[in-house]
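Written out below as structure tokens is the structure these notes cover.
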Amino acid sequence: MVCLGNICRSPLAEGILRSKISEKHTVASAGTISFHEGEHPDKRSTKIAKEYGVDISHQRANYFTEKHLEDFDKIFCMDLKNLEDVLSKANSEEQRSKVFLIMEEAGVLSDEKIEVPDPYYGDMSDFEKVYQMLDQACEAIAEKYNLK
Ligand code: 4NP
């Protein structure tokens with residue numbers, strides 16, 4: 001799961017997907033900037049997740065590197081800029097084929113919204129909206145790839 005800072009959207013996506021699937025599958029998240037590396041998720045993400053019974057407080061921000069493109073089978077990006085940044089690090093067609101825009105790949109586009117909006121400068125209602133989008137997307141991904 002990839003976003004910009006790895007403190008708001010992708011930590012939520014990581015925690016939500018993990019809560020829905022078998023423990024035998026590995027889920028991780030990272031950001032395309034290293035600025036927040038090592039930090040806890042944003043308090044607002046931790047709060048909204050907790051309200052829905054998902055604990056993301058133990059997660060720490062990582063920086064997305066080429067190694068993730070080798071190590072993971074599927075890479076889900078929150079927005080088009082994240083997608084572009086991840087694809088710029090891919091060095092083969094095989095790697096490029098692993099990279100998706102999460103809402104598109106989950107097949108849960110609503111009102112033509114193909115990006116998970118960055119809630120960093122927003123308020124709790126933006127985090128609630130992001131949570132609902134990611135909950136729907138992760139449910140669809142868990143079903144689509146038979147991860148339960
Ligand atoms: P995220 O949100 O990409 O969902 O983790 C952001 C976090 C930090 C910043 C921007 C977006 N930032 O500019 O530091």
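Not measured: the values here are computed from a predicted model. Just follow the structure's listing: the first ligand is 1, and inside any ligand the first atom is 1.
- Taking CD from Glu14 and OG1 from Thr26, the interatomic distance works out to 10.5 Å, rounded to the nearest 0.5 Å.
- For ligand 1, the polar-atom distance check against Gly5 finds a nitrogen or oxygen pair separated by under 3.5 Å.
- Only side-chain heavy atoms of Asp118 come within less than 4.0 Å of ligand 1; its backbone N, CA, C and O stay farther off.
- Judged by distance alone, the side chains of Gln132 and Gln136 never bring a donor and an acceptor atom under 3.5 Å apart.
- Annotation: atom 13 (O) of ligand 1 to nearest protein heavy atom, Tyr121 OH, 3.8 Å.
- Residue Leu4 places at least one N or O, backbone or side chain, under 3.5 Å from an N or O of ligand 1.
- Proximity of Met78 to ligand 1 is not established, as no heavy-atom distance is less than 4.0 Å.
- Atom numbering of ligand 1 starts at 1 in the shown order; those under 4.0 Å from a heavy atom of Cys8 are 1 (P), 2 (O), 4 (O), 5 (O).
- Of all the heavy atoms of Asp42, none lies under 4.0 Å from any atom of ligand 1, so neither backbone nor side chain is involved.
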Could you walk me through whether Leu12 and Tyr131 pass the side chain to side chain contact (heavy atoms under 4.5 Å, CB included) check? CA-CA 7 Å; Leu12 273 178; Tyr131 188 94; 3.9 Å; yes

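- Residue Ile7 has at least one N or O atom closer than 3.5 Å to an N or O atom of ligand 1.
- Among residues at least two apart or in separate chains, salt bridge (Lys or Arg N to Asp or Glu O under 4.0 Å) pairs with a member in residues 133-142 are Lys20-Asp135, Lys20-Glu139, Glu139-Lys148.
- Between Asn6 and Ser29, the shortest heavy-atom distance links the atoms ND2-OG, 2.9 Å.
- For Asp79 and Asn82, the side-chain atoms include at least one donor-acceptor pair closer than 3.5 Å.
- At least one N or O atom of His36, backbone or side chain, sits closer than 3.5 Å to an N or O atom of ligand 1.
- Test Ile33, Val2, Thr32 against Asp85 for side chain to side chain contact (heavy atoms under 4.5 Å, CB included) and you get one pass: Thr32.
- With respect to atom 1 (P) of ligand 1, the closest heavy atom belonging to the protein is Cys3 SG, 3.5 Å.
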